[in-house]
Amino acid sequence: MPRPAAQQKKPSWTMDKAYEPRGMEGRWYETWERHGWFAPADQGEPYCILLPPPNVTGTLHMGHAFQQTLMDALTRYHRMHGRRVLWQGGTDHAGIATQKIVENQLAAAGKTRHDLGREAFVAKVWEWKEESGSTITRQMRRLGASVDWTRERFTMDPGLSAAVRRVFVQWYRDGLLYRGKRLVHWDPVLQTAVSDLEVNNEEKDGSLWLIRYPAAAGGKDLTVATTRPETMLGDVAVAVHPEDERYKDMIGKQLRLPLTDRLIPVIADEYVDKEFGTGCVKITPAHDFNDQKLGQRHGLPVIGIFTLDAKVNENAPVQYRGLDRFAARKKIVADLEAAGLLVETKKHKLMVPISQRSDAVIEPMLTDQWFLDLTRDTQPDGRPGGKRAITEPALAAVRGGAVKFTPENWSTTYVQWLENIQDWCVSRQLWWGHQIPAWFDEAGNIFVGEDEADALKHSTIKPVGKLRQDEDVLDTWFSSALWPFSTLGWPGDTPERAKEWERFNAFLPSSVLITGFDIIFFWVARMVMATQYFTGRVPFHEVYINAIVRDAEGQKMSKSKGNTIDPLDLIDGIGLEALVQKSTAALLIPQVREKVEKRVRKDYPQGIPAVGADALRFTFAALATYSRTINFDLKRCEGYKNFCNKLWNASRYVLMNTEGQDNGLSGELEFSLADRWIQSRLSQTLGIVEKEFASYRFDLAAQALYEFTWNEFCDWYLELSKPALQGEGVSAARQRGTRRTLVTVLEALLRALHPITPFITEEIWQKVGPLAGKSGASVMIQPYPRPSDFKRDETAEQELRWIQEFILGLRRIRAEMDIAPGKLIPVLLQDASKSDRERAERYQPLLTFIARLENIGLLTGEAPPSATALLGEMKILVPMAGLIDMGAERARLAKEIARVEGEIGKCQTKLGKPDFVDNAPPAVVEKERQRLKEFETAVQGLKEQLKRLASL
RNA sequence: GGGUGUUUAGCUCAGCUGGUAGAGCACCGCCCUUACAAGGCGGGGGUCGUGGGUUCGAGCCCCUCAGCACCCACCA
């Protein structure tokens, strides 16, 4: 068959034969960024997403990549819908993490931060930040994240720091920030307080020691049970339950505290559980949260026995001083035993508080700290608005639906935490961070203000001597809590910043926050609290809680397990040796190294193939169900790379057939059935995508696009277009119609896929867009396709279903009868209805081409021995004449009959129940009857065929 | 102790208001057919964790139990 001239010549289309992501991705990203297309448009309804600012110390991990893929998909999707989109990016100064990195560098040189002094040390951290702080933002670019980098912020920027000071001062002046000597979670290694959220409780095997405390004067000795014998040096009482008959007579009497010369009272408190241990509890208010409360109730003294690095201090007998708390424990237990006071040592499982940052065991420690009041019902001076002024609005926002969680049940987690919240310890004994805007005079008076002058101005008292600024800095999350408004220029409602203020009004509240459940308390709740307090607005309308990324087996990814994957290694690929090297480089313990190496070699015998950013992104989208974990499987990722390749090759086909041709941009157009069908299917698909994007079901949106692309566009439409373009006797108008459909459907599909797979769609769109009559520099600034852009056509869908069944029936015969794919076969139609005959006539060229038929005939008279396919009541016969194996066909028919009879049985049972017929909606009953009828017709036809074959 | 999620094919998961159990991967055949072997065509495979209830009808709604996972709190 002669090809059109344009195809015979060297084709002008220039796409490589196989999809190759390397190269195109960097090129396109650079182009997008250079053109400023990530910046919000000047008009349109605002849409804003806040990037959870990654730590400047960080590198991109799978969790980031997943989360950012979803954010970018939404950003691009809404940008293409003509909205004024801001994806606000930036990084977090990450107090402890960052300070530790620089301290470790110093340690390598044998120095500590104290050798440098505060100013020089902080300067050094800034230096490090300028050098290394952009690693993660570079990596985000590789992923395609369309963050507006021109407005990137850092939590220690001057503007954000000003916001931090303003907030601190305002809360202080509103009576919600206070300083006090309180028991806090103390990290003895980092030597700073941490908040309750930064403490993990881990179950450990420990002991329960029973220790006898002798009676001082009369009465009996009491035996206490403790998991921390060393704290006995700070004991101030022994508590028993007031109703405990065993000890009632001892209440109010004195005991001799072993190893010391102190006398302590026996007190009664209902806090004590009679059933646990011995029913006698030693009370150490300085080093236990419960004991502290109890001590306060009873007006007991507080005796701290540890230094800030958790060594025994001068309050203890001299022989224990200077011992580390664990060494002290050993010695004390030994000494008690020697004194005959250790009654028993039992094995005991207990929860040990561990610092998230250093893995050190937390020591409750009495220190001066700043707290944000989240619990008091009234302010100290009785001013109005003090009734949980910060937390109540945050609860109301979620309860009232102003802030909506997806999946919805996370709101329960949020609400329950806020209902039981404790005051937030916001001060940290670090150098890297926002230094607290408070000053002390030499008499210890506190002056709070945005600067020293402001602090003095607002104070009613005269400072004594020189002022000295509080050495401490604020918890990193303090500035993170302000992110929704500090990044938009707050505080700054001044004329010279009018433009910025306009943005503030446009983008606060932001549209949706995408984040992990692990920081609902750390960050989400605190943003709601702070933003409402200072702006009167919620920070965002919706919170989408994304899943945690696990490995293919559902295991948590961790470096020491060796099951982490670097998203960049997926994008670029990595060889086995390089991967082994990289996975083990940071591991210090030889056994762990060995284990990890083994695992890597087993999991990735070939290393990791390069799949490109688009395939990785598509994988994330496809995995993004409402489930709370997703298992990342490399296999799945490779599958989506194949999808990209499929799209690539389909595009090559389209270009091959349309480039340099008359694609019907003008002139007479006639759309074939297939043309109308694929447009209808696309319309339907776009409807699903729209719905699923709106509900954050990225998996379903991705699935709809995947299935349309592969199962409908490629598997059917492209095949159906072949006879239309290559077949003989097809009118020019009709060929134009098909070419027009090829380019318009593909062009729209590329736009539809762009938010998920930005690079490949851009690369192809550059070629396909113009053919579809689109001008514009990039697909990313084109309008997103709408369902109404393509016509739904129910008739075309029905017609095409008939064609598909016709072809599928014949394919099955071909496959099961083992007829070569190229072999032309004759077909006879039996019991064809009028509409069957008309369809067969109308689509004869199409069917002949696709199913490789010799001809289609209508059966007149007796049927020859044939293989049979059913299409409704019609039988499609392939006469056997040398082609068909009779035994195989009999077996095939028998199998099919058995299947249909099974269905008939089910239908009959159902319809045989009066309950069903009488109670089910008539439409359902009718549908069931219809099904039964169809099955009966089918089975009858099949049986006839079987009988005919049997008689031969 | 309080809370949440989860249990569907060999594996990983969909199944949205109850009405004929699906996908990808893996597996088994046939095929290098000029868009694509990173592919095409065909096929096998599930009593939906257990026990009950509601309903004409339950993978889906209610209750029981069990397994798995996570969060918060915590008795020294």
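Numbers restart at 1 for each chain; the letters A, B, ... are given by sequence-line order, proteins then strands. Hydrogens, waters and symmetry mates are skipped; everything else that's a heavy atom, side chains included, is used.
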With respect to the side chain of A/Phe517, which nucleotide from B/C71, B/A73, B/G43 is positioned closest? B/C71
Base, sugar-phosphate, or nothing for A/Lys722, non-hydrogen atoms under 4.0 angstrom? base
When you check the phosphate oxygens OP1 and OP2 of B/A38, does a side-chain N or O of A/Asn649 lie under 4.0 Å from one of them? no
Tell me if the centroids of the rings in A/His185 and A/Phe289 come within less than 6.0 Å of each other. yes
From the candidates B/C13, B/C72, B/G24, the one with an atom nearest any side-chain atom of A/Asn631 is B/C13
Can you find a side chain N or O atom of A/Trp648 that sits less than 4.0 Å from OP1 or OP2 on B/G39? no
What's the closest nucleotide to the A/Asn409 side chain, out of B/G19, B/U4, B/A76? B/U4
Need the pair for B/C68. Rule: Watson-Crick or G-U wobble, both distances under 3.5 Å, any strand; none if unpaired. B/G5
Nucleotide of B/G3, B/C70, B/A37 approaching A/Lys17 most closely (side-chain heavy atoms): B/A37
Tell me whether the OP1 or OP2 atom of B/G15 has a side-chain N or O from A/Arg697 closer than 4.0 Å. yes
From the candidates B/U33, B/C36, B/G39, the one with an atom nearest any side-chain atom of A/Trp710 is B/G39
Residue A/Tyr271, side-chain atoms from C-beta onward, closest of B/U12, B/G42, B/A76: B/A76
Using a heavy-atom cut-off of 4.0 Å across all strands, would you classify A/Phe643 as base, sugar-phosphate, or nothing? nothing
Short side-chain N/O contact to B/U4 OP1/OP2 from A/Thr413, under 4.0 Å: no
Among the candidates B/C56, B/A76, B/A14, find the nucleotide nearest to the side-chain atoms of A/Asp699. B/A14
Does A/Arg814 place a side-chain N or O at less than 4.0 Å from the phosphate oxygens OP1/OP2 of B/C41? no
With a 3.5 Å cut-off and heavy atoms only, can you find an N or O donor on one side and an acceptor on the other between the side chain of A/Lys691 and the base of B/C16? yes
If you check every side-chain atom of A/Lys646, which of B/G40, B/G19, B/G5 has the closest atom? B/G40
Does A/Glu719 get its side chain close enough to the base of B/A35, under 3.5 Å, for a donor-acceptor pair? yes
Partner of A/Phe521 under ring-ring contact (aromatic ring centres under 6.0 Å, His included), picked from A/Trp417, A/Tyr414, A/Trp410, is A/Trp417
Within the 4.0 Å heavy-atom criterion, would you say A/Leu808 contacts the bases, only the backbone, or no part of the nucleic acid? sugar-phosphate
Side chain of A/Arg931 only, heavy atoms from C-beta on: which candidate in B/U20, B/G40, B/A14 is closest? B/U20
